[in-house]
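Just below is one structure, and these are the notes that go with it.
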Amino acid sequence: MKRENPIPAIKNPKEFKQRSHEIFDQRLLNLIAGSKTEQWSEVGWRGIMLDNGAVWIDSDEGKITAINYQSPFEKN
């Protein structure tokens with residue numbers, strides 16, 4: 001999963017687990033947990049997005065493909 005430069009990309013599931021606290025801060029968790037069905041949109045082959053692309057999920061497998069959100073931890 002790509003991250004905003006200069007933050008290195010997440011290369012595998014193990015690294016995703018190790019670094020998840022860097023990405024999923026309380027604000028993003030609240031956005032996802034409190035989201036309504038209307039906030040999710042299927043966008044053809046690209047998948048399903050939350051709030052105009054904050055989070056992208058693969059339509060077929062349900063895996064997270066992108067997070068276009070940068071936590072304060074990552075901004076620092």
Side-chain angles (χ1 to χ4, degrees):
M1 179 183 311
K2 290 183 181 178
R3 301 307 301 144
E4 191 71 31
N5 196 21
I7 301 165
I10 296 172
K11 298 177 185 96
N12 56 54
K14 181 180 177 184
E15 191 174 341
F16 183 84
K17 287 179 184 178
Q18 291 172 340
R19 294 178 51 197
S20 64
H21 70 281
E22 298 174 9
I23 301 164
F24 292 95
D25 65 356
Q26 198 58 51
R27 181 173 177 220
L28 183 57
L29 291 173
N30 289 343
L31 174 66
I32 295 167
S35 66
K36 307 280 188 238
T37 306
E38 307 84 52
Q39 291 174 266
W40 294 88
S41 306
E42 189 162 359
V43 188
W45 61 269
R46 291 185 173 106
I48 301 168
M49 70 175 178
L50 170 62
D51 278 351
N52 297 317
V55 177
W56 284 86
I57 299 174
D58 178 89
S59 298
D60 297 326
E61 298 179 26
K63 294 182 178 180
I64 297 171
T65 57
I67 298 175
N68 298 313
Y69 169 83
Q70 200 173 36
S71 70
F73 179 89
E74 290 184 311
K75 288 179 183 178
N76 285 334

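Keep in mind the model is a prediction, meaning the values are calculated, not measured.
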**Fill in**
W40 and S35 have their tightest heavy-atom pair at NE1-OG, 2.9 Å

**Message:** Side-chain heavy atoms nearer than 4.5 Å, only ILVMFWY residues, links allowed to pass through others: does that put L29 and M49 together?
**Reply:** no

**Asked** Hydrophobic cluster mates of F73, side-chain heavy atoms under 4.5 angstrom, ILVMFWY only, any path?
**Response** none

**Prompt:** Cluster question for you: counting only ILVMFWY and a side-chain heavy-atom cut-off of under 4.5 Å, with indirect links fine, are F16 and V55 together?
**Reply:** yes

**Message:** Let me confirm one number: the CD1-CZ distance from I32 to F24, rounded to the nearest 0.5 Å.
**Reply:** 5.0 Å

**Fill in**
In terms of heavy-atom contacts, R3 and Q70 come closest through NH2-CA, 4.4 Å

**Fill in**
By side-chain contact (heavy atoms from CB on, under 4.5 Å), K11 pairs with (sequence neighbours left out) E15

**Request:** With sequence neighbours left out, write down each residue that passes side-chain contact (heavy atoms from CB on, under 4.5 Å) with K17, or none if nothing qualifies.
**Result:** none

**Nearest-0.5 Å distance, CD1 of residue I67 to CD1 of residue I10** = 7.0 Å

**side-chain contact (heavy atoms from CB on, under 4.5 Å) against E42, all qualifying residues, sequence neighbours excluded** = I48, S59

**Request:** Output the distance between atom CE (M1) and atom CD1 (I23), rounded to the nearest 0.5 Å.
**Result:** 5.5 Å

**Prompt:** Mind checking what makes side-chain contact (heavy atoms from CB on, under 4.5 Å) contact with D25, not counting sequence neighbours?
**Reply:** R27, L28, Y69, S71, P72

**Prompt:** Which pairs with one or both residues in residues 45-55 pass side-chain hydrogen bond (donor to acceptor under 3.5 Å, both in side chains), sequence neighbours excluded?
**Reply:** Q39-D51

